[in-house]
Amino acid sequence: MSTKPQGGNSVVGKPIDRVDGKLKVTGQAKYSADISLPNMAYAAVVQSTISAGKITAIDTAEAEKVAGVLAVLTHQNAPRLKKSDNDQNNVPILQDNIIRFAGQNIAVVVADTFEIATHAADLVKVTYAPSKSPNTNPDPLSNTLFEQMQKSPGQSRGDFVAGMKNAAVKIEATYTTPTETHNPMEPFATVAHWEGDKLTVYETTQGVFPSKKSISEMAGIPANNITVITHFLGGGFGCKLSVWSHAIMAVLAAKQVKRPVKLVLKRTQMYGPVGFRPKTFQQITLGATKQGKLTAMKHLSVNETSLFRQFTEYCTEPTNVMYACPNVTTAIKQAAINIGSPTWMRAPGDAPGSFALESAMDELAYALGIDPIELRVKNFADKDPESGKPWSSNSLLECYKVGAQRFGWAKRSPAIKSMKRGKMQVGLGVAAATHPTYRSEAGAIASISSDGTATIKSGTQDIGTGTYTIMAQVAADILGLPINKIKVELGDTRFPQTPLSGGSQTAASVGSAVTAAAKKLLDALFDLAIGDEKSPLQKSEKKDLEFRNGVLTKKGSKSSEKIGDLLKRNNMPKLEVTAKSTPPKDDKYAKRSFGVQFAEVEVEPDLGRVHVTRMLGAYAAGKILNEKTARSQMLGGMIWGMGMTLFEETLMDHKLGRIVNNDFAEYHIPVHADMPSFDVIFIPEEDPHVNPVGAKGVGELAINGAAAAIANAIYHATGKRLRHIPITLDQLF
Amino acid sequence: MRLNFSRRRFSQLLIASTVLSSLEELSPRIMKKALAETKDKQSGAVSSPHAYDLSINVNGKQHKLKIDSRVTLLDFLRENLNLTGTKKGCDLGQCGACTVHVNGRRIKSCLTLAVMHDGDQVTSIEGIASGDDLHPMQEAFIKHDGFQCGFCTPGQIMSAVALLKEPCGASDDDVRECMSGNLCRCGAYPNILAAIQEVRKGGKH
């Protein structure tokens, strides 16, 4: 059966409105913290105020005296838990008195109301013996680690030293990127509901199935007894890929008070104990011929991590794959300090790594006197330089061409400080982007009922990317139904298993599963008609049958039958199938999305203030399943890139070991007033090799390179090469 | 950063002054009264004799109840009336997800206590459509994809609807400035702007 839509009325690719749009604009979409259950109690957590040491006493008496307080759980009275291998992110949850970072969750108060719980949490008195030498500063460690790596670097292809000997021009520079906090608009929330030994958890998660496994292992509950539900997620960006300590505390608290418990973290409690993008230090060395061909590349990276999780930020990834250079050496090490565990944040590794690499490429272009786009085109990798495999598709050259044309790159005067608009110094910058295309095994149920309505059920969660919508589109095309006849139900572990919504893999993974399920449903439907002696289509050849708008027809004949008649006659209220889609093990192709980011800035010469005035992204990401929702994701990625370049930094007071800017007033994310004009271009790509839906994923591609494009534009405008982000006034003035 | 530094400072000052003045007004009473006890199972209202009387109109419906003086207008809507469309993004007046209309003006409902709104008319996101007919702003948000995750959306829409009656200038930059109290982490800003400008130019509101 072809994947082409029956009858040719394809909705895949069309910029249709989100199918859950009405729920979202009317306030009817239910997020985890919106769940209300009869007799529900409320929990509030207490966090450590020191970064290292011990709790010597924890006095809960005053908190317990407050009318309406049901329980206070601390390490002194919480149930004993076995440490799970699955849980690398958290220190033992309420199991000991050791403090390893500021903001560690050390107690939970449960009460009749949110107000009582919050008030009582303030009354919990904690006495500490702070460690004499807490370390929250990774900077000195990074120097030692770089020395080690310079002596014996890690991964290599070719011969870096020999490659450098052939270089006419050399660039060597160190770039640093800050700790960044995800800050989804929706705070973490858990509603835990026990019914006997069965547990339902309404959780803010980017993966209901991995959450189920983690909760099972971390809280010691059989997985079969757990249901995890996430109907809507208010953004995750990586921090909601994991189960963090507060969720387990809600589960334990609900068990203890024998009532459903709602626990919502405060915004200020989300800086430290629920992950962040680690600070990185990156050394890059590039060598090139006079003509601009790269002869050697070295990229060494250090990232901060906690004392209990060796988290690797794979900053060197873009350097391994972006350019056709024969001699490449990369290595990564971690500096472990008294902070919470870092975690994946939108395009982990690639976002900070591409800032360094694409800045260095810009530096090389200026050193050579070659246009930055021309330099990148000269070093285009026509196959995967790492594995040597052919690309399943790669339209990067087209991205440069179309993007440059639309952005007006030809009008850019190459010299630094050469462009002005009134008083403003104007600069144009460019950077390349890439992201791997992942795919995991996923399942889906497809059913059709006698009224001609189809339902798709799959465990996956819509984290805001448009999964409800694109799955409806994929199913509509295969089942020959209008989109309003497709109902999609997601975010529930009672549905077929799916992977995390991370790594931009959902369209490819779940899209392939929905494709498989819808095709299987069609197949079952045809079988039913062929085998039904009362059907006008009985004994037809399957290849001759079509199903469109709820009617089965036979090619070249007038025989047809309505779905309702067929099902009713067979006493079936609905026909339902389950299917699974598994990616192939050995792949002949290297699979990646590519793109090019352009940015224009105006810099105020007197104050050094930077205004991003235009951003353009040209992207090649396989089949775009919905141009409207995909465009929105790209805009979001570019805006993230802008925040990363100009505003975002989680700041640590090293004396106290505490984060000082733990709210939106002090941790600045981009706002309406910061917005430039945007242009998003999708280069059409038909990729038959990448996966059954032909989609490569878009969410993370859109941030990669964006920071470098802006930093490069600032250099063009001002002549100041700034290798540390965020780029703030003090660096420009 | 354009404009928003001063805007943020300004709004913080506003917040501080609002909270101070409200505390001045309420704190003696709060100090005297014992704090809330158990919730009435039906209405979620406090049955304690020390709780405060509140008569408030929400989305055209009158509610009379007793309420714990510490309950914010936001938590009152969400936890007592189960109107969960209004979101809690920060509880600090910094994100705008909790924006509602009080007597026709937009306000951050996390920064004000429910008891301060005795006799007030409140409109939340659940109250701006007429039955199944969406408000033009809601329709425009869907058409222009003015959201991704949807969490900030009720606040963005409530701000955008209020803006229609405010002396906000006509340009895109004017609207961006007037909307800068509503944060969106997905980055739907350009689409939100397009939706608002379409409704303003269409004039049907």
Side-chain angles (χ1 to χ4, degrees), chain A residues 17-18 20-22 24-31 33-34 36 39 66-68 112-116 119 183-187 232-235 237 264 266-267 463-466 609 611 628-629 631-633 635-640 646-647 663-665 668-675 678, chain B residues 1-4 7-8 12 34-39 41 68 70-71 75 78-79 82-92 94-95 97 124-126 129 134 138 141-143 145 147-154 157 175-177 179-180 182-193:
Chain A
D17 296 341
R18 279 171 207 262
D20 52 346
K22 193 171 176 182
K24 286 182 174 175
V25 300
T26 54
Q28 301 306 310
K30 289 274 179 194
Y31 300 78
D34 300 340
S36 185
N39 203 28
V66 177
D112 282 332
T113 70
F114 166 72
E115 290 74 23
I116 298 170
H119 171 59
N183 276 308
M185 293 312 298
E186 177 198 33
F232 288 95
L233 189 76
F237 312 109
V264 184
K266 292 185 194 177
R267 176 63 52 186
I463 62 170
T465 49
R609 285 213 295 189
H611 307 264
K628 185 178 279 193
T629 57
R631 178 178 176 275
S632 295
Q633 280 204 74
L635 290 173
M638 286 193 255
I639 293 167
W640 268 65
L646 299 178
F647 313 136
D663 62 38
F664 282 132
H668 290 180
I669 67 168
V671 304
H672 279 284
D674 299 314
M675 291 302 108
F678 289 97
Chain B
M1 204 176 319
R2 178 167 37 168
L3 299 165
N4 60 332
R7 174 191 55 73
R8 278 179 166 122
Q12 278 179 308
L35 297 172
E37 274 96 60
T38 34
K39 276 169 110 187
K41 274 179 193 156
D68 183 337
R70 293 167 299 181
V71 176
D75 287 318
R78 290 179 52 80
E79 303 296 338
N82 202 23
L83 292 171
T84 55
T86 307
K87 302 300 182 205
K88 186 187 282 190
C90 69
D91 221 11
L92 296 164
Q94 297 165 347
C95 80
S124 71
I125 188 69
E126 291 90 348
L134 297 181
Q138 292 172 308
F141 265 64
I142 294 176
K143 179 180 161 193
D145 210 31
F147 48 86
Q148 290 180 51
C149 79
F151 196 82
C152 74
T153 312
I157 292 176
V175 175
R176 288 183 181 121
E177 182 61 16
M179 288 297 292
S180 279
N182 289 83
L183 307 186
C184 166
R185 188 53 156 162
C186 298
Y189 298 127
N191 296 351
I192 293 170
L193 174 73

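We name chains A, B, ... by the order of the sequence lines, and we start the count at 1 in each one.
Contact tally against chain A (heavy-atom pairs below 4.5 Å) for B/Q138, B/Q148, B/M179, B/R185: the top residue is B/R185. Taking chain B as the reference chain and counting heavy-atom pairs below 4.5 Å, the highest number among A/S632, A/P187, A/A29 is found for A/S632. Interface remark: of the candidates B/N191, B/T153, B/I192, B/D91, B/N191 forms the most heavy-atom pairs closer than 4.5 Å to chain A. Chain A forms more heavy-atom pairs under 4.5 Å with one residue of B/C149, B/C90, B/G85 than with any other, namely B/C149. If you tally non-hydrogen atom pairs under 4.5 Å between each of A/R631, A/E115, A/Q633 and chain B, the highest count goes to A/E115. When B/C184, B/A188, B/S124 are compared by the number of non-hydrogen pairs under 4.5 Å with chain A, B/C184 comes out ahead. Annotation: maximal heavy-atom pairing with chain B below 4.5 Å, among A/D20, A/V66, A/T26, A/I639, occurs at A/T26.
With a 4.5 angstrom heavy-atom cutoff, B/I157 touches chain A only via side-chain atoms. Only the side chain of A/K30 comes within contact range of chain B, with at least one heavy atom under 4.5 Å from a heavy atom of that chain. In this structure, chain B has a heavy atom under 4.5 Å from the side chain of A/Q28, while its backbone stays farther away. Using a 4.5 Å cut-off between heavy atoms, A/K266 makes no contact with chain B at all. Contact of A/F232 with chain B is not made at all, since no heavy-atom distance falls under 4.5 Å. With a threshold of 4.5 angstrom between heavy atoms, A/S36 approaches chain B through side-chain atoms but not through N, CA, C or O.
Put simply, the side chain of B/Q94 gets close to the backbone of A/F664: a donor and an acceptor are under 3.5 Å apart. At least one donor-acceptor pair under 3.5 Å links the side chain of B/Y189 to the backbone N or O of A/P670. Although no hydrogens or angles enter the test, the distance criterion places a donor-acceptor pair under 3.5 Å between the side chain of A/R18 and the main chain of A/G464. Under the 3.5 Å distance criterion, the side-chain polar atoms of A/K628 are matched with a main-chain donor or acceptor of B/K143.
A salt bridge links B/K87 and A/D34; the closest N-O separation between the charged side-chain nitrogens and carboxylate oxygens is under 4.0 Å. Salt-bridge check for B/R70 with B/D75: failed, with every basic side-chain N at 4.0 Å or more from each acidic carboxylate O.
Considering all non-hydrogen atoms of both residues, A/A67 and A/I116 come closest at O-CG2, 3.5 Å.
A/T629 is linked by a side chain to side chain donor-acceptor pair (under 3.5 Å) to nothing, counting only residues two or more places apart in sequence or in another chain. A search for side chain to side chain donor-acceptor pair (under 3.5 Å) contacts involving A/N183 returns A/R267, A/Y271, not counting sequence neighbours.
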